[in-house]
There are 2 protein chains.
Amino acid sequence: MRHVPTASQAKPAPNGRGRRGSRASGDDRERAILETAERLLEERPLREISVDDLARGAGISRPSFYFYFPSKDAVVLTIIDRLVAAAAGSREQALRTLAEGEPRAGLRQGLEDLYAAFRSRRAVVLAAAELRTANDEARELWTEVMEGWVADVTAVIESERARGAAPPGQPARDLAIALVQMNERVQYATFADESPSLEDDRVLDVLVDIWLRAIYGAAEPG
Amino acid sequence: MRHVPTASQAKPAPNGRGRRGSRASGDDRERAILETAERLLEERPLREISVDDLARGAGISRPSFYFYFPSKDAVVLTIIDRLVAAAAGSREQALRTLAEGEPRAGLRQGLEDLYAAFRSRRAVVLAAAELRTANDEARELWTEVMEGWVADVTAVIESERARGAAPPGQPARDLAIALVQMNERVQYATFADESPSLEDDRVLDVLVDIWLRAIYGAAEPG
DNA sequence: CCACCTTATCAACACCGCGTCGATTGAGTC
DNA sequence: GACTCAATCGACGCGGTGTTGATAAGGTGG
C-alpha cells in the first residue's frame, strides 16, 4: 500500500516520501533536488545517478539529502506522482470526448493526448519504467495507472458492443489489457529509441489502426 | 557488437563470456554455476542474487567465481544465449508452417510454440528482460532477436498482401513492430503475474485474435 | 624424480554506493 | 540569554563488486 495521496495537495503535512516534518526555508532545497533529478535524468538513466549526484546538484552534502528524501527512489516517485496526476487530466478529457458519441475520433484524440503527455516528459517515463522492476511502491503506482486505463477501455469496448457498433469477440477486459500493454511497450521503445522501434511520427497511426481493427473489426474477413 | 557465436558450438575455444582458456575438470564448476543461477532465478530476481550466492551455490569462493565468468551478468547472458538458440528452432518451424500456404493456422501455431518455449523458461526470460535495461550486451542480443521476428512477420504480412489475402494498410514493418512488441509485453506481464495481466490460458486467444484483425481486417468496418 | 608450466583456489585488499549517528551551527522564540 | 528546533555534515558501518598475489595440486618432459 502506498501512503501518499498522489500529489496535487501542494505542501500540507509530512508525507511518506517528502521531507520529514516542518516547512522552513528548506523548501528551496527540496525543489532543487527534484530539479536536479529531472535534469540528470535527461542525460543518463536512473541507475547511473547516485544520491551524491543529487545532493551535489542541489548544493548540499549527501547526509543532508536524507533530511529531504528517504532515498533516491523517493525522489523519482515524487516526480512520477506529479506526472501521473497530470496525465490523469488527459485521460479524463479523452473519456469525455469518447462519451460524446464520437468514439473513433475520441479514441484517436485520447491516445494522442496520452502520447503527448508522456512524450513531453520522456526522461521521467523511462525512469519510471526502470524503477518499476525494482521498487515495490513504483510497481504499485504503475499498477494503479494501468488498471485505471484498462477499466476505462474495457467500459468503452463494452458500450460500443452494446450499441452494436462493435462486434462481439474476446472478453472486453482481456482485449483492453493487451491493447493498453501494447501502447505502453511501443511508446517505451520509441522513447528509448530502441531498435526495432517505431518512428516518433508513426506511433499514433499504427497504434490507432490496430485499436480500431481490434475493437471494430470482424473476427476474420479476407 | 557481441563477440560470441551464439552458443551451440559445444566447447571449442575461449569465448567472451565463458571461462578463460583450457578445458580441464573445472567444466563441472562452470556447469554448477549456471545451474545455481537458474535455480536461484526461480526463487528471486537477478538483482537479489549476488556473485557470492552463485559462488557458494557452486561450492567455490567468490574470487574463484571470477575464474569462470567475468561477472554475474555474463552468467545470465550465457543462459539466455542458449535459450535464444533453442527458441530460434521454434521460430524456423513456425515460418515453415506459415510458408506452406496455411498462414492463419501457421500464425497460431507459431505464436503458440514461441509462447511455450518462453513459458517453460519463465525465470530466465524475466531475468533477460531485467538485464536488458542495464546491460549493453543483453540489449544487443534482445535487439537481434526482436529484429529477427520483426523481419519474419514483415515478410509474412507483405506476402499475404501480395496474394490478396490481406488488405493494404499501415507499412508492414510498422505493423510488425507493434505486434511483436505487444506480444513481448503481454507475455512478460503474464509471466511476472503483474496486475493487470492476462491469465495464462487466455494469452494466446487474445493475441492471435488481435494479430488476425490487424493483418487481415479491413480498416474500419461496423 | 624433479623442475616446470598451467589450472584452480582463496585470503586480503581497494573501491563504491547506501543509509545512519552524533555533533554542530544558526535563526527564532519566550 | 537560555531554549528549541530546522538544517547541515564528518565519520562510520555495511554490503556489494572486482582485483591481486600467494599457494596448492595435477600433468609433462628432460
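Proteins come first, then strands; the chains are lettered A, B, ... in the order of their sequence lines, and each starts at number 1.
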Neighbour count above 12 (heavy atom, 6.0 Å) for A:R56 CZ: no
Distance, rounded to the nearest Å, where B:R56 contributes CZ and C:dC10 contributes P: 10 Å
A:F67 CZ to C:dG19 C1', straight-line distance once rounded to whole Å: 16 Å
A:E30 CD - D:dT8 C1' separation (whole Å): 16 Å
Residues B:R108, B:D205: salt bridge by 4.0 Å N-O rule: yes
Contact letters for nucleotides 9-21 of chain D, in which S counts primed atoms plus P, OP1 and OP2 and B counts the base, heavy atoms under 4.0 Å: BBB-----BBB--
Side-chain N,O (A:Y68) to OP1/OP2 (D:dA7) below 4.0 Å: no
A:E43 CD: over 12 foreign heavy atoms closer than 6.0 Å: yes
Between P of C:dG17 and CD of A:E48, the distance in whole Å: 11 Å
Ionic contact status for B:R132 with A:E194, cut-off 4.0 Å: yes
Check: B:F118 ring centroid to B:Y188 ring centroid under 6.0 Å: no
Test: A:E147 and A:R173 ion pair at under 4.0 Å: yes
Rounded interatomic separation in angstrom, taking CZ from B:F69 and C1' from C:dT9: 17 Å
Under-4.0 Å side-chain N/O to phosphate OP1/OP2 contact, B:R29 with C:dT7: no
